[in-house]
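Input: a single structure, listed below in structure tokens.
Naming: A, B, ... by sequence-line order, numbering from 1 per chain. Just the heavy atoms: all of them, side chains too, but no hydrogens, waters or symmetry mates, feed the values below.
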Amino acid sequence: MMNRSPMTDSWYVSNFQLMEKHLNGEAGTHIHSIRKDAISRFAQLGFPTTRDEEWKFTNVAPIAKMNFKPVLDLSHDGVTKEDVERFSFGGLRCTRLVFVNGHFSQELSSLGSLPQWAKAGSLAAALKTDADAVSEHLTRYARYDDNAFTALNTAFLQDGAFVYIPDGKVIEGPIHLLFISTKLGTPFLSNPRNLVLAGENSQVMIVESFVSLDDNSYLTNAVTEIVAGDNAVVEHDKLQAESAKAFHIGTVHVYQRANSTYTSNSISLGGALVRNNITVVLDGEGIECTLNGLSLSTDEQHVDNHTVIDHAKPHCNSHELYKSILDGRSKAVFNGKIFVRKDAQKTNAKQTNKTLLLSDNATIDTKPQLEIFANDVKCTHGATVGRLDEEQLFYLRSRGLSLNHARDVLTFAFASDIINRVHVEPLRSQLEGMIHARLQQGRH
Amino acid sequence: MLEIRNLHAGVQGNEILKGISLKVNVGEVHAIMGPNGSGKSTLAQVLAGRETYEVTQGQVIYEGKNLLEMAPEDRAREGLFMAFQYPVEIPGVTNTYFLKAGLNAIRKHRGLEELDAIDFLSLVKEKMKLVGMDESLLSRHVNEGFSGGEKKRNEIFQMAVLDPKLAILDETDSGLDIDALRIVADGVNKHSRKDNAVIIVTHYQRLLNYIIPDFVHVLVDGRIVKSGGKELALELEEKGYDWLKDEAENVTVNAQESS
Ligand SMILES: Nc1ncnc2c1ncn2[C@@H]1O[C@H](COP(=O)(O)OP(=O)(O)O)[C@@H](O)[C@H]1O
Ligand SMILES: [Mg+2]
């Protein structure tokens with residue numbers, strides 16, 4: 001294989017063998033045969049290079065050249081309830097699943113408010129207790145045959161979140177999946193794998209947040225699969241706010257059935273290199289799919305958002321709005337693919353990408369990719385790249401605001417458009433606070 | 001309060017203001033009139049600190065300070081206010097947030113305590129009544145989707161809240177119906193006191209039926225070609241600007257002869 005990087009492959013392959021020893025007793029299970037298949041696929045694929053079309057603007061060589069040690073067990077590594085509190089959006093009380101370096105911690109989680117009929121817990125446990133539901137869906141949407149990171153995640157698939165909402169049920173508050181990374185001695189791989197199943201006519205809000213306790217270097221390689229049943233309503237907020245030295249590859253696959261509504265708000269604030277993949281398959285009529293994204297980057301940060309919306313059936317709407325705010329020498333990538341299959345007549349798809357450049361040295365690569373095979377559809381896309389508006393700056397200053405304050409106000413206004421789409425109020429206020437803090441910090 | 005001495009300014013080598021001199025004392029109301037394109041807005045913007053315009057010659061002294069060296073926000077904090085001819089829309093920023101930020105920056109500069117939300121709101125409500133502005137506009141984004149008249153009222157409302165020492169109103173009357181014009185004029189008259197000054201920039205004299213200026217200046221082609229009392233406005237209403245344009249050409253000829 002052209003892309004092969006044997007050194008790293010053998011690192012993960014030998015760590016896979018260590019994991020196998022560690023997992024004694026699982027060798028004959030279905031899931032383990034998938035793991036074995038995935039590691040061999042990963043070994044064949046190797047990490048992608050910029051020659052790979054999907055990775056043209058994002059060079060993962062910094063990831064490929066490091067040996068991240070897969071974390072095989074839960075170890076709290078000093079994470080306390082107070083730490084969890086800090087990452088709880090101002091003390092939001094809700095069902096909260098806490099993961100330390102990718103492993104579920106019962107002790108730090110709060111499951112008290114979860115209704116009896118719903119399930120929210122660790123995937124490791126669900127592999128045993130809900131084997132049928134899990135095996136029906138797990139790895140079905142997030143394919144690993146052509147994606148090295150998904151293959152890597154699947155090879156080391158051990159734990160993550162499992163959420164199940166039965167038909168006709170509505171979960172009132174959000175379910176918070178909190179992924180905390182600690183400071184282990186060596187660079188490590190946090191490898192959470194999540195599965196969210198929302199039954200017919202159900203409703204659920206999932207908030208995923210990825211945070212770091214220290215400013216250490218590690219790789220989060222998360223994969224989340226979500227199924228929205230007929231007429232289900234799923235809101236999915238993702239906050240990536242990890243250390244400036246962290247690498248984050250987050251892959252989300254959503255499978256929507258008829259008349260369901262899926263809304264994703266993906267906010268990226270941290271990390272050295274961040275790649276968010278979202279793929280949504282609209283496999284039924286009357287579906288609404290909304291993907292919103294916001295990234296703030298500075299210094300040498302690199303943030304890449306890759307989205308795929310696959311209109312497979314007629315009469316569906318998709319709306320996509322991604323915004324980036326770039327400072328320093330940071331780089332952003334937006335790649336928005338929309339497929340409209342032959343059957344998907346009366347599709348209405350709208351994609352917008354807006355970039356605000358705060359510095360002369362920041363760059364954005366934006367690429368819409370519309371592949372339309374139906375003839376009676378409405379698809380629009382647009383991208384803008386701009387700086388703060390001189391006239392608006394002057395207006396604010398002419399009323400007494402300092403230049404810096406005026407800049408912050410306008411930058412915040414640019415971001416608020418996305419923030420305001422987050423329905424979980426405490427998360428929204430937290431995001432506002434974080435963005436204000438980031439703007440202040442950007443200036444010292 | 002304000003002294004402009006032989007001010008020349010332009011954009012990219014294109015001179016728009018060609019030597020303006022003007023003195024405004026505290027307690028006075030001045031009107032600057034002139035045909036479209038004569039440089040009225042340019043003068044207002046230069047005084048407010050718009051960097052688009054390059055000052056190539058001359059001086060502006062404001063309360064003993066060199067105004068042209070000051071950043072726009074410092075001019076505002078020192079009590080200068082310009083009502084824009086075309087107020088810009090700022091999506092995502094509410095009118096309240098914006099005005100409170102401005103007011104508190106100005107108060108802080110003056111050594112006053114910043115207003116909290118409650119005091120700010122009561123001040124704002126009082127001033128809104130003054131300009132007959134609907135309270136719903138407070139929570140709206142700055143000028144976004146405002147009608148022409150609402151934008152102009154919003155400017156006068158901001159003036160009333162910020163209480164500047166020198167207010168420059170650029171065509172605040174244009175686009176207003178007669179009722180709105182009266183309300184705006186009323187707001188300006190209430191604001192105008194012995195301890196402040198107002199410069200009204202206008203193309204038409206009709207606003208001057210309601211706000212009586214102490215002095216009227218006529219700006220043609222970047223120069224003040226005539227100054228006088230309030231009667232000059234009436235004369236302009238009758239005769240238009242054409243007779244003065246000839247005068248402006250004479251000024252040009254004279255200027256060339258003397259150079
Ligand atoms: N930013 C600018 N760039 C180029 N030309 C300008 C700019 N602003 C004003 N001008 C020109 O300067 C002249 C005076 O404009 P302005 O000050 O707006 O006049 P008024 O307000 O009296 O109608 C006009 O010819 C106008 O086109
Ligand atoms: Mg004008």
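Annotation: A/Y395 is not in aromatic contact with B/Y86 [ring centroid separation under 6.0 Å not met].
Expressed to the nearest 0.5 Å, how far CD of B/E73 lies from CG of A/L401 amounts to 8.5 Å. The structure places CZ of B/F98 at 11.0 Å from CD of A/Q392, a figure rounded to the nearest 0.5 Å. Taken from OG in A/S398 to CZ in B/F81, the straight-line distance is 7.0 Å, to the nearest 0.5 Å.
Contacts between residues 50-67 of chain B and chain A, defined by a heavy-atom separation under 4.5 Å, are made by B/R50, B/E51. Within residues 147-162 of chain B, the residues having any heavy atom less than 4.5 Å from a heavy atom of chain A are, in residue-number order, B/E155, B/Q158, B/L162. Scanning residues 104-115 of chain B against chain A with a 4.5 Å non-hydrogen threshold yields B/A105, B/I106, sorted by number.
Residues A/G400 and B/A76 approach most closely at N-CB, 3.5 Å, considering heavy atoms. Contact detail for B/A101 and A/H405: the closest heavy-atom pair is CB-CE1, 3.7 Å. Considering every non-hydrogen atom in both A/S402 and B/R77, the closest pair reads N-NH2, 3.3 Å. Pairing each heavy atom of B/G49 with each of A/F394, the nearest pair is C-CE1, 3.5 Å.
For the set B/V142, B/T94, B/I90, B/L99, the count of heavy-atom pairs under 4.5 angstrom toward chain A peaks at B/I90. Between chain B and the residues A/V409, A/N420, A/L410, the most heavy-atom pairs under 4.5 angstrom are made by A/V409.
Environment of NZ in A/K354: sparse, with no more than 12 heavy atoms of neighbouring residues, nucleotides or ligands closer than 6.0 Å. Within a 6.0 Å radius of NZ in A/K350, no more than 12 heavy atoms belonging to other residues, nucleotides or ligands are found. Counted within 6.0 Å of NZ on A/K378, heavy atoms from surrounding residues, nucleotides or ligands total 12 or fewer; the atom is thus considered open.
Pairs engaging residues 407-428 of chain A under the ring pair (Phe, Tyr, Trp, His ring centres under 6.0 Å) rule: A/F412-A/H436 [sequence neighbours left out].
Here the side chains of A/E391 and B/P87 are not in contact, with every heavy-atom distance at 4.5 Å or above.
Heavy atoms of A/S416 lying under 4.5 Å from chain B belong exclusively to its side chain.
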